[in-house]
Amino acid sequence: MTDMQRMDVPLTVAGRTFSSRLLVGTGKYRDFDEARAAIEESGADVVTVAVRRSNLGQDPDAPNLLDVISPSRYTILPNTAGCFNARDAVRTCQLARELLDGHNLVKLEVLGDQKTLYPNVMETLSAARTLIDDGFDVMVYTSDDPIVAQELESMGASAIMPLGSLIGSGQGLLNPDTLALILEHARVPVLVDAGIGTASDAALAMELGCDGVLLNSAIAHAKQPVLMARAMKRAVEAGRDAYLAERMPRRQEARASSPTRGLITE
Amino acid sequence: MHVLLNGESRQFDDINTVAELVERLGLAGKRIAVEHNETIVPRSRHAETELSDNDRVEIVHAIGGG
């Protein structure tokens, strides 16, 4: 197995190398303990967080997420979730960079509306340009549009992250063909971000040739998040191996696996 | 002094700088980030950044998200 593992190269985003191709969120868990256990079991190196106003009325000594998910152990990927225009997303990233002592890797998402949480591509492109000019390494949540993916890549995005289906919907990959089109041309990592519902969805994304998968709800909203975290870890590894192994061709007709000679009925 | 803090109108007495505001809120040394009138204030400049009446201040931290 060691030789085979050498055939693969680790996921590298903006010069940073990660041992896992599974990236996970920290939202929607019952408590910090559950989040910590699930994230540990997932084997993820990259962990997303949101940036929000501090609750100034509350106990300032209450535990902080970054005490539980330590930036010394994980690569923290702040997101711009909840931003509906480029300006808010850029401000959020700038706050995140200050929060994380100059760490400049961010997940940009600029949403179109509350109902679909579908990316607003125009605002996303605008924010991406501003952030890249400001020295950020930007992983971009976007629609599964190959032309937009190329546009983002040519402006210097560090990773393209098309949705598999709507955020938090768990519908899996609704359009594997467009993902394949993006993968065909991309020269930066492509990660499916959003829509993964269960392990087979993550495996399929990897089998298509995606460089990684980013998910949150599929683990956090499973009845047993820690067990699902392990399933996702294995699914991403299995899907990656299957991609590298190059699957057999599909055929319309049957082809026997056992010899057709020497049967006792001959 | 009157400050629009995280979108809420707040009154503070005897406060002149971002560092003093952070201290007053019990957030000194915590992992937060501060924006003053939509400009980031690096931690190293909290002490020298002076507040004026009706300034807008945002104080944020990291929470769970996907």
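So you know, we letter chains A, B, ... as the sequences are listed, proteins then strands, and number each from 1. Not measured: the values here are computed from a predicted model.
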Problem - NZ/NE/NH1/NH2 to OD/OE distance under 4.0 Å, K30(B) and D67(A) - result: no
Problem - chain A contact via R10(B) - which portion, at a heavy-atom distance below 4.5 Å - result: side chain
Exercise for the section: Check whether I40(B) gets within reach of chain A through its side chain, its backbone, both or neither, counting any heavy atom under 4.5 Å. Expected result: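 Just the side chain, heavy atoms under 4.5 Å.
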Quick check on the interface: out of [options], who has the most heavy-atom pairs with chain B under 4.5 Å?
options	result
N216(A), T26(A), T92(A), V24(A)	T26(A)
S217(A), G27(A), G25(A)	G27(A)
E109(A), R87(A), R97(A)	R87(A)
L66(A), L215(A), L99(A), D193(A)	L99(A)
V47(A), V49(A), L23(A), L214(A)	V49(A)

Contact between [X] and [Y] at the side-chain level, heavy atoms closer than 4.5 Å - yes or no?
X	Y	result
Q94(A)	E35(B)	no
E8(B)	L56(A)	no
I63(B)	V51(A)	no
D101(A)	R31(B)	yes

Fill in the blank from the handout: Okay, L100(A) and chain B: the region with an atom under 4.5 Å from a heavy atom over there is both
Handout entry: Toward chain B, the part of K107(A) with a non-hydrogen atom under 4.5 Å
Key =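 Contact with chain B: side chain only.
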Between [X] and [Y], which heavy-atom pair has the shortest distance, and what is it?
X	Y	answer
L95(A)	V34(B)	CD2-C, 4.1 Å
A50(A)	G64(B)	CB-O, 3.9 Å
E98(A)	A33(B)	CG-CB, 3.6 Å

Problem - Heavy-atom neighbours of D31(A) CG exceed 12 at 6.0 Å - result: yes
Exercise for the section: Return yes when atom CZ of R45(B) has more than 12 non-hydrogen atoms of other residues, nucleotides or ligands closer than 6.0 Å, and no otherwise. Expected result: no
Problem - Side-chain donor/acceptor of N6(B) to backbone N/O of R53(A), under 3.5 Å - result: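 Here the side-chain-to-backbone pair does not exist.
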Practice task
Return yes if some donor-acceptor pair links the side-chain N/O of H61(B) with the main-chain N/O of N64(A) below 3.5 Å, else return no.
Solution key: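 Side chain of H61(B) to backbone of N64(A): no pair is present.
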